[in-house]
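For reference, the structure is listed below as structure tokens.
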Amino acid sequence: MRQTQTGTTATGDDGAPFRYTSELASRIEQRWQDHWETQGTFNTPNPEGELADPDADVPSDKFFLMDMFPYPSGKGLHVGHPLGYIATDVLGRFKRMCGDNVLHALSYDAFGLPAEQYAVQTGQHPRKTTEENIVNMRRQLRRLGLAHDDRRSFATTDPGYIRWTQWIFLQIFDSWYDTEADGGRGRARPIDELVKEFDSGERPVPGGRAWVELDESERRRVVDEHRLAYVSESPVNWCPGLGTVLSNEEVTAEGRSERGNFPVFQRNLRQWMMRITAYADRLVDDLDRIDWPEKVRTMQRNWIGRSAGATVRFATDAGDLDVFTTRPDTLFGATFMVVAPEHPLVDGLTAASWPEETNDAWSGGHPTPAEAVAAYRAQAAAKTDVERQTEGRDKTGVFTGSFAVNPVDGNRIPVFVADYVLMGYGTGAIMAVPGQDERDWEFAERFELPIVRTVRPPDEFDGEAYTGDGPAINSSNDQVSLDGLYKDAAIAAIVEWLEKAGHGTGTTTYRLRDWLFSRQRYWGEPFPIVHDETGPIAVPDDQLPVLLPEVPDYAPKTYDADDADSTPESPLARSPEWAEVELDLGDGPKRYRRDTNTMPNWAGSCWYHLRYLDPTNDEQVVDPEIERYWMGPQPQRRGSGPQDPGGVDLYIGGVEHAVLHLLYARFWHKVLFDLGHVSSDEPYYRLFNQGYIQAYAYADRRGQYVPAEQVTEAVTDGATSYSYEGEPVSREYGKMGKSLKNIVTPDDMYDEFGADTFRVYEMSMGPLDQSRPWETRAVIGSHRFLQRVWRNVISEEAGATVVSDEPAGDETRRILHRTIDAVRADMDAMRFNTAVARMIELNNHLTKLDTVPREAAEPLVLMVAPVAPHVAEEMWSLLGHDRSLAYEPFPVADPALLVDETVTCVVQVAGKVRDRLQVPPSADDDMLRELALASEPVQRALDGQGVRKVIVRAPKLVNVVPG
RNA sequence: GCCCCCGUAGCCCAAUAGGCAGAGGCGGCGGACUUAAAAUCCGCACAGUGUCGGUUCAAAUCCGACCGGGGGCACCA
């Protein structure tokens with residue numbers, strides 16, 4: 001045994017050689033970790049294929065459990081990181097003991113900016129640093145004792161994985177979205193089928209010409225426009241500080257990059273896009289079929305931003321002006337129109353001179369509309385989107401000098417230019433209905449425009465614009481009357497009229513835009529695409545994966561963060577011998593140019609759930625039989641009904657990926673579902689967001705952070721103060737980080753207490769979905785608990801079991817079974833904090849006994865096992881069992897022992913407790929009423945007052961109401 | 001500005017379905033053990049549930065307003 005020098009749990013030389021100290025814990029833990037690994041204890045059988053168990057069928061009950069996988073960051077882990085991994089491990093171990101076939105593994109999201117940036121900092125190849133980081137992270141996590149099937153662990157950077165990421169990309173590239181399929185819901189179909197439909201004439205060729213008349217490159221251009229992955233020249237988010245373009249989801253509301261917080265500019269560039277907008281409806285609708293936190297579903301709904309309404313056409317002298325509105329029922333209240341400063345029709349609308357009606361507010365004091373509009377546009381252009389939003393909401397704008405005709409009543413209404421209308425949403429033009437829209441009301445007041453109410457507000461309404469529902473008023477013409485109709489009926493009526501009269505159509509718009517998929521970075525999956533003079537061509541399947549070239553400099557070309565006019569440059573283009581290839585794609589060897597973009601790091605995380613299922617398959621992305629077993633719909637088991645979309649049984653991770661990873665992954669999965677590669681049409685059936693472990697940090701007078709673990713706390717007159725080396729410091733609450741000098745690592749915890757203690761502590765800190773502060777000094781409580789369990793079962797002197805084989809006493813037995821009952825329910829509901837509390841309670845009871853009966857010790861050990869698996873295995877083994885307890889059935893409570901012989905009945909007078917009675921559980925109302933009224937303390941409390949009423953809730957409560 | 005979540009002992013947190021405010025842990029205090037300390041063990045104290053009002057026989061729990069903390073959305077037509 002090693003000698004210890006320091007540590008709060010050091011063992012003295014004087015006896016107790018088998019006390020559960022951090023040293024003993026470490027030895028037990030590492031031994032069991034080796035045992036599990038060599039025995040393959042947590043290897044999970046597949047129903048077939050390479051990972052099937054040839055000697056046994058798979059259990060029909062299965063549980064597929066996933067963590068959001070980590071970036072192998074070079075910074076290492078702090079104690080906050082493993083929280084979710086411990087929780088999933090505890091649940092997985094519990095489910096396994098309940099008989100489920102549990103699939104649980106952990107892989108690494110190893111491409112992407114963090115890995116690359118770390119590599120750039122250290123001046124080494126990203127592959128090298130990434131691999132080193134993975135090794136280190138695996139070591140730190142192995143020491144936690146996670147029950148993972150290591151055969152199923154991979155990194156997104158593995159060539160065997162890249163091969164399938166690229167294959168899925170090509171599936172998307174080789175697909176189009178048939179909006180008419182499946183009764184109008186739409187479905188992705190292979191692009192070949194589109195070509196056949198063009199060829200046969202079944203589907204008209206865009207442009208009106210026949211398919212046979214098109215030459216090869218014309219045909220390719222037509223087809224390319226239908227692909228779900230396509231190249232387009234369009235305004236994109238260019239981030240010079242990162243040297244790459246970004247997707248909308250990676251840009252914050254402030255117009256900066258989510259990673260690195262660099263400025264982002266709109267530039268027209270040729271980039272790869274994914275047609276996620278084709279799936280907008282299904283991505284919204286299917287949120288109702290999955291078990292996700294409402295918060296995340298709301299965030300996705302907001303992001304997709306579906307709104308139903310109508311497009312209405314207004315005639316102007318400059319041509320038709322289309323607007324989108326969600327309230328076509330208020331069309332009779334449209335008293336003016338507004339177009340965005342960037343709207344293409346602005347020039348045409350700008351009149352030669354001011355019409356008679358113009359006042360100073362409308363003209364802004366300019367002599368002509370042209371000058372007024374030019375000045376306003378210049379002013380608007382000088383402002384960034386952020387400034388437009390942050391500079392208050394005072395409505396500004398200017399009259400164009402033109403009028404439009406309201407199609408419902410023929411009224412001439414003025415057209416304004418104003419920046420409160422955004423070019424990027426709807427059509428960039430609105431009909432303004434001040435009576436029913438707050439923004440329009442403000443504008444109307446400012447510019448002295450008429451306001452007509454077309455929805456009758458309630459009598460008590462005293463506000464300005466009324467946006468609620470109510471009967472329509474002032475809304476009729478010769479052909480249609482909405483008057484008296486409420487919103488939904490009025491919308492239906494007016495849309496019908498608009499469509500019949502040719503003035504508009506019912507329309508749905510979305511905020512969601514197509515996903516910008518290419519990046520100009522080195523450390524990502526190359527596109528399996530080559531280009532010729534016409535466009536992109538897929539690299540043949542047998543040539544996958546396309547691996548990264550070695551380049552002289554893999555760092556991205558970055559620019560001054562504010563250099564909006566710079567242009568992205570792909571590091572892969574620096575390797576001409578890689579980028580230029582000769583291939584025979586069917587028409588003889590030809591020279592092609594490889595695509596030099598890389599995929600965003602989201603690509604790898606879009607499908608990793610599938611790789612866990614069938615990690616060694618190099619024939620198929622996943623064996624359909626295996627996918628159906630683990631992820632297929634299972635309405636009976638979940639009780640979720642015929643709408644069950646299938647998917648991972650439980651997926652735990654932070655809420656920060658609510659609209660990035662989780663939206664992208666759903667999209668990819670749906671494409672694979674449409675193409676028939678998977679049987680589930682959602683990837684993650686149940687999602688759970690764990691909270692964060694945060695920490696206090698302390699700063700001295702100069703604002704410098706001081707080492708948090710050396711800060712002392714003093715309470716004087718009820719006020720708490722903190723000091724470091726005698727000097728007062730101030731406390732802040734937030735993240736754990738090196739610069740804040742408040743990092744605590746799992747390794748610190750392993751050394752000081754052992755992994756089991758660390759696990760117990762993290763699980764007992766509070767509910768899993770809540771964020772909470774780390775407190776190292778409180779960890780000792782969890783250590784004491786395990787130490788007491790150990791002492792109840794094992795002799796600290798002899799290291800052998802001390803349990804007795806005598807039957808347990810009645811009280812012990814009742815407490816045991818109540819505990820089992822509660823712990824099972826808590827585990828099932830992931831209330832690990834209360835589960836641990838119940839086990840502590842039971843253990844504290846056992847401590848008071850002269851000897852601990854085996855009848856209680858063994859269930860306790862089994863219940864502790866999911867949370868503290870190593871020490872539980874050790875005790876189980878010392879109790880005389882020669883097999884791991886990993887598959888031992890979780891204890892089941894005997895219902896007979898859950899019923900108490902007597903219960904305490906509380907007797908209240910006017911709601912205040914006055915007496916407690918011991919009664920049989922079967923006591924009825926009459927009996928309890930009599931007992932209560934006969935109670936001496938009750939009579940004293942009544943003090944001669946009469947009894948108005950007696951409320952009895954048998955058998956636990958009687959409330960006597962005096963009066 | 002709008003929407004969502006959360007406020008319970010000094011601290012982290014419990015409290016089935018409205019029914020005794022306390023399960024568990026940290027810290028504190030007292031004691032045992034020790035030459036002493038640490039560790040360990042035994043015991044004890046501490047809040048009336050952010051504030052105000054309402055519903056109810058009864059409210060931490062339901063309703064309303066406000067205060068404080070966290071998060072999301074933000075001129076989306």
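When reading the values below, keep in mind they use all heavy atoms of this one structure, side chains included, and skip hydrogens, waters and symmetry mates. Note on naming: letters A, B, ... go to the chains in the order of the sequence lines (proteins, then strands), and numbering restarts at 1 for each one.
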**Request:** Determine the contact category for A:Arg831: base if any of its heavy atoms lies under 4.0 Å from a base atom, sugar-phosphate if only primed atoms, P, OP1 or OP2 are that close, otherwise nothing.
**Result:** nothing

Using a heavy-atom cut-off of under 4.0 Å over every strand shown, decide if A:Arg791 touches base, sugar-phosphate, or nothing.
sugar-phosphate

Review point. Within the structure, does a side-chain N or O atom of A:Arg788 lie under 4.0 Å from either OP1 or OP2 of B:rU40?
Key: no

Pair of N/O donor and acceptor under 3.5 Å linking B:rC75 base with A:Lys395 side chain:
yes

Using atom P of each nucleotide, how far apart are B:rG18 and B:rC13 to the nearest Å?
-> 25 Å

| said: Suppose you measure atom C1' in B:rG30 against the same atom in B:rC46; what distance do you get, rounded to whole Å? | reply: 15 Å

Q | Electrostatic pair A:Arg439:A:Glu442 at N-O distance under 4.0 angstrom | A | no

So does A:Arg953 get a side-chain nitrogen or oxygen closer than 4.0 Å to the phosphate oxygens (OP1/OP2) of B:rA58?
-> no

Among B:rU40, B:rC42, B:rA58, the one nearest any side-chain atom of A:Thr847 is B:rC42

- A:Thr427 near the nucleic acid: base, sugar-phosphate alone, or nothing, with a heavy-atom cut-off under 4.0 Å? nothing

* State whether A:Asn833 places a side-chain N or O below 4.0 Å from either non-bridging phosphate oxygen (OP1 or OP2) of B:rG25. => no

Practice task
Using the P atom on both, measure B:rG71 against B:rC63 and round to a whole Å.
Solution key: 25 Å

Would you please test A:Thr467 and A:Glu438 for side chain to side chain donor-acceptor pair (under 3.5 Å) and show each step?
CA-CA 8 Å; A:Thr467 57; A:Glu438 280 159 18; 4.6 Å; no

A:Phe443 ring center within less than 6.0 Å of A:Phe416 ring center: yes

For B:rA38, the nucleotide meeting Watson-Crick or G-U wobble distances (both under 3.5 Å) is none

Picking from B:rC76, B:rC13, B:rG72, the nucleotide nearest the side-chain atoms of A:Pro767 would be B:rC13

_Can you see if the side chain of A:Lys949 gets near the phosphate of B:rC57 - specifically, an N or O under 4.0 Å from OP1 or OP2?_
yes

With the side chain defined as heavy atoms from C-beta on, A:Asn959 is closest, among B:rG19, B:rG25, B:rC76, to B:rG19

Considering only heavy side-chain atoms of A:Ile951, the closest of B:rG27, B:rC75, B:rG19 is B:rG19

Exercise for the section: Using the C1' atoms only, state how far B:rG72 lies from B:rG25, rounded to an integer number of Å. Expected result: 33 Å

Verdict with supporting geometry, A:Gln710 and A:Tyr698, side chain to side chain donor-acceptor pair (under 3.5 Å):
CA-CA 10 Å; A:Gln710 290 168 40; A:Tyr698 303 86; over 6 Å; no

Would you indicate what A:Leu957 reaches in the nucleic acid, counting non-hydrogen atoms under 4.0 angstrom: base, sugar-phosphate, or nothing? base

Re B:rG27: Watson-Crick or G-U wobble partner, both distances kept under 3.5 Å, found to be none

Per atom distances to the A:Lys848 side chain, the nearest of B:rU40, B:rA77, B:rG43 is B:rG43

Inset, instruction - Check whether any side-chain nitrogen or oxygen of A:Gln908 sits under 4.0 Å from OP1 or OP2 of B:rC20, and answer yes or no. - result: no

Original post:
Just wondering, are more than 12 heavy atoms of other shown residues or ligands nearer than 6.0 Å to CZ in A:Arg731?
Top reply: yes

Across every strand shown, the nucleotide meeting Watson-Crick or G-U wobble geometry with B:rC2 (both distances under 3.5 Å) is B:rG72

message: Aromatic contact between A:His783 and A:Tyr20, with the criterion being ring centroids under 6.0 Å apart: yes or no?
response: yes

Sorted by chain and residue number, the ring-ring contact (aromatic ring centres under 6.0 Å, His included) partners of A:Trp774 (sequence neighbours excluded) come out as A:Tyr761

Considering only heavy side-chain atoms of A:Glu841, the closest of B:rC57, B:rC26, B:rA23 is B:rA23

Between CD of A:Glu464 and P of B:rC75 the distance, given in whole Å, is 20 Å

Practice item. Tell me what A:Ser782 touches on the nucleic acid: a base, only sugar-phosphate, or nothing, going by heavy atoms under 4.0 Å. Key: nothing

Taken to the nearest whole Å, OH/A:Tyr696 to C1'/B:rC11 is 7 Å

task: Could you work out the separation of B:rG68 and B:rU8 based on their C1' atoms and round it to a whole Å?
output: 15 Å

To the nearest angstrom, the CE-C1' distance between A:Met431 and B:rA77 comes to 9 Å

Can a side chain N or O of A:Ser307 be found less than 4.0 Å away from OP1 or OP2 on B:rA77? yes

Practice task
Indicate, with a heavy-atom threshold strictly under 4.0 Å, whether A:Asp440 touches base, sugar-phosphate, or nothing.
Solution key: nothing

Atom CD of A:Glu442 and atom C1' of B:rG1 are separated, to the nearest Å, by 11 Å

| message | Taking only side-chain N and O atoms of A:Asn844, does any of them lie within less than 4.0 angstrom of OP1 or OP2 on B:rG25? | response | yes

Here the distance between atom C1' of B:rC57 and atom CZ of A:Arg929, to the nearest Å, is 13 Å

Between B:rC62 and B:rU16, how many Å separate the two P atoms, rounded to a whole number? 12 Å

Heavy-atom nearest nucleotide on RNA chain B taken for A:Arg948 and for A:Val779; more 5' hit belongs to A:Val779

Q. Can a donor-acceptor pair be found between the side chains of A:Asp514 and A:Thr277 at a distance below 3.5 Å?
A. yes

If pairing means Watson-Crick or G-U wobble with both distances under 3.5 Å, then the partner of B:rU51 is B:rA65

- Task: Assess whether one donor atom and one acceptor atom, taken from the side chain of A:Arg772 and the base of B:rC12, lie less than 3.5 Å apart.
- Result: no

Practice problem: Describe the nucleic acid contact of A:Ala778 in one word from base, sugar-phosphate, nothing, applying a heavy-atom distance below 4.0 Å. | Solution: sugar-phosphate

With syn defined as a glycosidic angle within 90 degrees of 0 and anti as anything else, the base of B:rG48 is syn

Quick one: label A:Arg784 by what it contacts on the DNA or RNA (base, sugar-phosphate, nothing), any heavy atom closer than 4.0 Å. sugar-phosphate

From CZ of A:Arg297 across to P of B:rC73 the rounded distance in Å is 18 Å

Taken to the nearest whole Å, CZ/A:Arg301 to P/B:rA74 is 16 Å

Side-chain contact check for A:Tyr425: nearest option of B:rC20, B:rC76, B:rG25 is B:rC76

Open item on the list: Taking any heavy-atom pair under 4.0 Å as a contact, classify A:Val961: base, sugar-phosphate, or nothing.
Closed with: sugar-phosphate

Side-chain contact check for A:Glu775: nearest option of B:rC26, B:rC57, B:rC20 is B:rC26

Discussion item. Between B:rA32 and B:rA15, how many Å separate the two C1' atoms, rounded to a whole number?
Written reply: 34 Å

Which of B:rG19, B:rA23, B:rU40 is nearest the side chain of A:Thr834? It is B:rA23

Original post:
If only side-chain N and O atoms of A:Arg511 are considered, is one of them under 4.0 Å from the OP1 or OP2 phosphate oxygen of B:rA74?
Top reply: yes

Separation between CZ (A:Arg297) and CD (A:Glu294), nearest 0.5 Å, reads 4.5 Å

Can you check the distance between B:rG53 and B:rC44, where both ends of the measurement are the C1' atom (answer in whole Å)? 39 Å

Q: Please determine if A:Asp469 and A:Lys487 form a salt bridge, counting it only when a charged side-chain N lies under 4.0 Å from a carboxylate O.
A: no

